[in-house]
There are 2 protein chains.
Amino acid sequence: MKDITSKLIDLFKQGYCTPQISRIAKKLKEPSTTIHYNIKKLERDGLVRSYKAVFDHKKIDEGYCVYVLISLSPDEYGNPEKVAKELAKHVQIESVDICTGDCEIILKVRVKDQNEYYQLVKTVISRKGIIKIKSLTSLKQIKSECITL
Amino acid sequence: MKDITSKLIDLFKQGYCTPQISRIAKKLKEPSTTIHYNIKKLERDGLVRSYKAVFDHKKIDEGYCVYVLISLSPDEYGNPEKVAKELAKHVQIESVDICTGDCEIILKVRVKDQNEYYQLVKTVISRKGIIKIKSLTSLKQIKSECITL
DNA sequence: AAAGATAATTGAATAATATTCAACCAAATA
DNA sequence: TATTTGGTTGAATATTATTCAATTATCTTT
């Protein structure tokens, strides 16, 4: 048996989806050519970056979700983007924001369990320049990516 | 002129997209029927919740992004889901998580600007049961919904 | 306000794609 | 090892996206 499932999940995280023009046309009661034209415009103008799947994260071994508030040391403080871009490379890190307020960087992390999170903190999040990490663990996701669960 | 753009954006937040089977088939070098079968299985088993668009939020009047840490008063403390579900109803609130640690609920909010955020805090986030709100404003999004910007 | 240019809407024709089906093969189970 | 269940696949069909050309609306310039 080929393990196509995990390959599909990886592709769907990036994109590999497309709008359902005829369904939208019926919904909005407009000709499908009009819908087609308007969608292409959205894409051309860059309002839409990608079309992708939204998962039930518990079912794809990403049930452990943590918001990570990161404080930088004074020497890295002026250039948070360097650290942020480095962190963004990791697939377990869903989002990376540079912030104002109590911390300089906020991550949203999805991993399988607490142990995998611990490994991630040890190997990628803890690094030179980061002086403080506060983990806010999600006990229950009520809404995610605009979709109420 | 019909304002189809905003209707499309609304639909794409919920879904109204679908996988590109033939493109995936070429990518993975498998017959499209095999890909079709495996995708239907993913959907049937509930690993995939929806297919949707990812936006350039700055271009759709959602350029102001805030993480909101909410503390509940002792009387609501034992039942955070009630408050969480109420908050989840609002389209500007992208995600709602019930948390452990410094706060009970974390929101990710997307609005046009600071003023619209102020309105949201006044009218929906501030309510009975919420005793403390800490706003962490995103200055720059490096990665969002798994997509590096 | 008129003329010209550009952008948006649309139906008909075509191209591309998803879906169904039946046959076959692999894996698990008893 | 016989039997059932789940996965793979090619050929046929159904559905859907895309292209194109014509039409209409909107914006720009004078």
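Any value given below was found using the heavy atoms of this structure, including those in side chains, with hydrogens, waters and symmetry copies removed.
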Nucleotide [N], atom [atom2] - distance to [atom1] of [X] in whole Å:
X       : N      : atom1 : atom2 : value
B:Lys40 : C:dC21 : NZ    : P     : 14 Å
A:Lys41 : C:dA7  : NZ    : C1'   : 8 Å
B:Ile39 : C:dT19 : CD1   : C1'   : 12 Å
A:Ile21 : D:dT18 : CD1   : P     : 5 Å
A:Tyr51 : D:dT16 : OH    : P     : 17 Å
A:Lys27 : D:dT16 : NZ    : C1'   : 19 Å
A:Arg23 : D:dT16 : CZ    : P     : 11 Å
B:Ile35 : C:dA18 : CD1   : C1'   : 13 Å

Taking only side-chain nitrogens and oxygens of [X], does any of them come within less than 4.0 Å of OP1 or OP2 of [N]?
X       : N      : result
A:His36 : D:dT18 : yes
A:Ser32 : C:dT10 : no
A:Asn38 : C:dA8  : no
A:Thr33 : C:dG11 : no
A:Lys2  : D:dT9  : yes
B:Tyr37 : D:dG7  : yes

Task: Whichever of B:Pro31 and A:Lys26 has its nearest DNA chain D nucleotide further upstream toward 5' - done: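 Mapping each residue to its closest nucleotide by heavy atoms, the 5'-most match is B:Pro31.
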Task: Donor-acceptor pair between A:Tyr117 and A:Thr137 side chains, under 3.5 angstrom - done: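 Result is no, nothing qualifies.
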Open item on the list: What I want to check is whether the side chains of A:Arg23 and A:Ser32 have a donor and an acceptor closer together than 3.5 Å.
Closed with: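 Distance-only check fails for A:Arg23 and A:Ser32.
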- [ ] Measure the CD1-CD1 distance between B:Ile105 and B:Ile130 for me, rounded to the nearest 0.5 Å.
- [x]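 That separation rounds to 6.0 Å.
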Open item on the list: Students often get this wrong, so: under 4.0 angstrom with heavy atoms, is B:Thr34 touching a base, only sugar-phosphate, or nothing?
Closed with: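 If one applies the 4.0 Å heavy-atom cut-off, B:Thr34 turns out to touch a base.
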- [ ] Kindly give the heavy-atom pair with the smallest separation between B:Lys108 and B:Ser144, and that separation in Å.
- [x]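 Result for this residue pair: NZ-OG, 4.5 Å.
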Open item on the list: Can you tell me how the ring of A:Phe12 sits relative to the ring of B:Tyr51, calling it parallel under 30°, perpendicular over 60° and tilted otherwise?
Closed with: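 A:Phe12 and B:Tyr51: perpendicular rings.
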